[in-house]
Amino acid sequence: MIGADIVITGNIEASVDLHIEGRVNGDVRCATLILGGNSSVNGSIHAERVRVSGMVEGAIDTRDLAIEAGALVTGDIIYERLRIANGGCVEGTMKRKAPVEDEGSKLKLVEPQGQPRQQQEVIVIE
């Protein structure tokens, strides 16, 4: 976890899941990435699963991508499965890559611990 008052300048590479509430000026590579509502990443992201609630300026390459209400992504996106909540914003190109294997139609994004899932209107693009 990278807290809200932390600013990192440089690339992050981890083999585990990562939760960012602060700001990262650099590329992020990890297993699962959860970006909180006040988070900011200025660089590219490469992860199996990504949930964006904050702001990203850079490319995203992922299998499962969820862009939550109020999130802003500025950059090119490559994904297998995508969910954009009503109010999420993308400025850039989006390209779907062929799935490695068919795991069903549901996204496999982890829920933040201790927070119940809220009902929202979502748009699913496949």
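Numbers for residues simply follow the sequence, beginning at 1.
- Taking all atoms of both residues into account, the shortest heavy-atom contact from Cys30 to Leu18 is SG-CB, 3.9 Å.
- Between Asp27 atom CG and Asn42 atom CG the span is 9.5 Å, to the nearest 0.5 Å.
- Atoms CZ and CG, on Arg81 and Asp64 in that order, are 4.0 Å from each other to the nearest 0.5 Å.
- A search for side chain to side chain contact (heavy atoms under 4.5 Å, CB included) contacts involving Ile6 returns Ile2, Ile8, not counting sequence neighbours.
- Hydrophobic clustering keeps Met55 apart from Ile34 (ILVMFWY residues linked when any side-chain heavy atoms are closer than 4.5 Å, directly or through intermediates).
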For this session: Go through Ile84 and Met94 one step at a time and tell me if the side chain to side chain contact (heavy atoms under 4.5 Å, CB included) criterion holds.
Result: CA-CA 12 Å; Ile84 302 176; Met94 299 172 70; 4.0 Å; yes
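- Taking the side chain as every heavy atom from C-beta outward, Val28 and Leu33 approach each other to under 4.5 Å.
- Of the candidates Asp61, Val52, Thr62, Leu35, Leu35 is the only one forming a side-chain contact (heavy atoms from CB on, under 4.5 Å) with Ile45.
- Atom OG1 in Thr74 sits 4.5 Å away from atom CD in Glu91 (nearest 0.5 Å).
- For Arg96 (side chain) and Glu80 (main-chain N/O), a donor-acceptor pair under 3.5 Å exists by modelled atom type.
- Here Ala31 pairs with Asp17 under the side chain to side chain contact (heavy atoms under 4.5 Å, CB included) rule; sequence neighbours left out.
- Not counting sequence neighbours, Thr9 has no partner by the side-chain hydrogen bond (donor to acceptor under 3.5 Å, both in side chains) test.
- Side chains of Thr93 and Ile77 form no contact here, defined as non-hydrogen atoms less than 4.5 Å apart.
- Qualifying side chain to side chain contact (heavy atoms under 4.5 Å, CB included) partners for Ala59, counting only residues two or more places apart in sequence or in other chains: Ser44.
- With sequence neighbours left out, Asn11 forms a side-chain hydrogen bond (donor to acceptor under 3.5 Å, both in side chains) with no residue at all.
- Going from atom CD1 of Ile12 over to atom CD1 of Ile20 covers 5.0 Å, rounded to the nearest 0.5 Å.
- The 12-atom threshold is not exceeded at CG of Asn38, counting heavy atoms of other residues, nucleotides or ligands nearer than 6.0 Å.
- Val56 is not listed as a side-chain neighbour of Leu72, based on a closest heavy-atom distance of 4.5 Å or more.
- Among all heavy-atom pairs drawn from Lys97 and Ile78, the shortest one is CD-CG2, 3.8 Å.
- Ser40 and Arg23 form no side-chain donor-acceptor contact under 3.5 Å, judged by distance and modelled atom types alone.
- Val90 is connected to Val41 through a chain of hydrophobic side-chain contacts under 4.5 Å among Ile, Leu, Val, Met, Phe, Trp and Tyr, so both are in one cluster.
- Taking 4.5 Å as the limit, some side-chain heavy atom of Glu21 sits within range of a side-chain heavy atom of Met1.
- When hydrophobic residues (I, L, V, M, F, W, Y) are linked wherever their side-chain heavy atoms come within less than 4.5 Å, Val7 remains an isolated member.
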